[in-house]
Structures are given as structure tokens and as C-alpha cells.
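Computed from a predicted model, the values in this text were never measured in an experiment.
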Amino acid sequence: MKFATKYMEHRKLLNIELGRVSAEEYKNLPESGTVVVLDNIRSAHNVGSVFRSADSFKADKIYLCGICATPPSAELHKSALGAEFSVEWEHYGETMDAIKRLHAGGYTILSVEQAVDSVMLDNFAPEPGKRYALVFGNEVDGVSQEVVDASDAVLEIPQFGTKHSLNISVAAGIVLWHFRPHR
């Protein structure tokens, strides 16, 4: 791969040059086989950021559970930038109700958490044609133990610094990129 030198032009692309699909066209794209479950996320900004990442990496749907903010919400919209109009969503009062429904629908439930016997994300390869539900937890408490217990596996994002966690919206972006529809 040849890299540009400091003397080459690097003009930013205009929005019109990006070839983005409309919210309606997005809904008609083939399914990716990946959905997101948010387990009691406190911040509407974090929920909005997950909508934006879910749109970017073509998640099929977001399940907003418990105390998660739901559209319409000005605070959510501020970080989602309209992605709440392209990515389908559904609200459940209890996260376990969404997990049970997804299990019954043939999804493999993967909690993103630090746990005994977790699988490091870089050691996990999504299987083509398999459907995955990625569960992300509360900013303080993470994914509830009940949901972790109901999961088929637990994925962990390798970290190397002094902090032991990532912001939920950052974690979702990393994991969704790993599951993007290239498989």
C-alpha cells in the first residue's frame, strides 16, 4: 500500500461525494444479522451515539431496555444526528424480555463485558449467516449479571492502559465495527 506524502493534496470529501443512502434506502438494505441491546443506559447522549454507530455499521435494530432514553428525544437526537430515523428500535421495560425474544428468534446473545471465561474480541470471528445480539450495559454497573448468565458467550474488548472500562458508546462502536457486514 502506498501512503501519501505531506506534499499530496488531501481534500476533504463533500457530503454529496460520500454516496450515503437515505434513511428510507437504509431500511431496504439487506439485513446484517446483527442487533444491539442496550441494558439500562443512563445517558441519552450515549444512546444517541450508539444509534449513530449502529447506522454507520448497519445494525438491523436496537433494543432499548429499562431506563434507556427513546426517540423522540432532543438529547438523544443531538448525538444520533438523525440515525434514530434510519435504525429501527424497540423498547422493553426489562432487558431479559428482549433477550428471551431474541433467543427464541434464533439470535446468539453476546454480552460485551469483563467476565470469567470471556472471549477477547480480537479472537472472535462472527460466523457468516449467523444472527447476533450484542448486549451493552449501564455506564456504572455494566451488563446485569442476569443478562450475562442468559448470554451464549461474553465478549471482552482487550485494553492495555490503567482504566478498566470504555464509555458504552465507544465500546459499541468498536464491537459494531468488528461485526460490520463484511462476513
Would a distance-only check, ignoring hydrogens and angles, find a side-chain to backbone donor-acceptor pair under 3.5 Å from Asp39 to Ser144? yes
Taking atom types as modelled, is there a side-chain donor on Gln145 or Asp149 under 3.5 Å from an acceptor on the other? yes
Side chains of Thr108 and Asp152: donor-acceptor distance under 3.5 Å anywhere? no
Flag side-chain contact, heavy atom, 4.5 Å: Glu113 against Ser118: no
Beyond-backbone contact of Asn40 with Cys65, side-chain heavy atoms, under 4.5 angstrom: no
Return yes when atom NZ of Lys78 has more than 12 non-hydrogen atoms of other residues, nucleotides or ligands closer than 6.0 Å, and no otherwise. no
Kindly indicate, with the supporting measurements, whether the criterion side chain to side chain contact (heavy atoms under 4.5 Å, CB included) is fulfilled by Met96 and Val147. CA-CA 6 Å; Met96 281 305 298; Val147 172; 3.9 Å; yes
With side chains defined as the heavy atoms from C-beta onward, is the minimum distance between Glu94 and Glu146 less than 4.5 Å? no
Does any part of the side chain of Lys27, heavy atoms only, come nearer than 4.5 Å to the side chain of Phe85, both counted from C-beta? no
Over all heavy atoms of both residues, which pair between Val47 and Ala69 is shortest? Give the atoms and the distance, please. CG1-O, 3.7 Å
Check whether any side-chain heavy atom of Phe179 lies under 4.5 Å from a side-chain heavy atom of Leu155, and answer yes or no. yes
More than 12 heavy atoms of other residues, nucleotides or ligands under 6.0 Å from CD of Glu156: is that the case? yes
Regarding Tyr92 and Arg101, is there a side-chain donor-to-acceptor distance under 3.5 Å anywhere? yes
Quick check against the 3.5 Å criterion: does Lys58 have a side-chain atom that pairs as donor or acceptor with the backbone of Thr34? no
Nearest-0.5 Å distance that lies between atom CD in Gln114 and atom NE2 in His164: 8.0 Å
Take the angle between the ring planes of Phe124 and Tyr132 and call it parallel below 30°, perpendicular above 60°, tilted in between. perpendicular
If only atom types and distance count, is the side chain of Glu139 paired as donor or acceptor with the main-chain N or O of Arg42 below 3.5 Å? yes
Got more than 12 heavy atoms from elsewhere within 6.0 Å of CG, Asp117? no
Enclosure of Ile16 CD1 (heavy-atom neighbours >12, cutoff 6.0 Å): no
Whether the side chain of Asp60 engages the backbone of Ser32 through a donor-acceptor N/O pair (distance < 3.5 Å, no angle test) should be reported. yes
Output yes when a side-chain donor or acceptor of Ser73 lies under 3.5 Å from a complementary backbone atom of Leu76, and no otherwise. yes
Quick check: do Ile62 and Glu84 have side-chain heavy atoms less than 4.5 Å from each other? no
Would you indicate whether the side-chain heavy atoms of Val50 and Phe136 approach each other to under 4.5 Å? no
Can you establish whether the number of heavy atoms outside Asn15 located under 6.0 Å from its atom CG is more than 12? no
Decide whether Leu110 and Val143 are clustered together by the hydrophobic rule: side chain heavy atoms of Ile, Leu, Val, Met, Phe, Trp, Tyr closer than 4.5 Å, transitively. no
CG/Asn46 to CG/Leu38 distance, rounded to the nearest 0.5 angstrom? 9.5 Å
Any donor-acceptor pair under 3.5 Å from Ser49 side chain to His45 backbone: yes
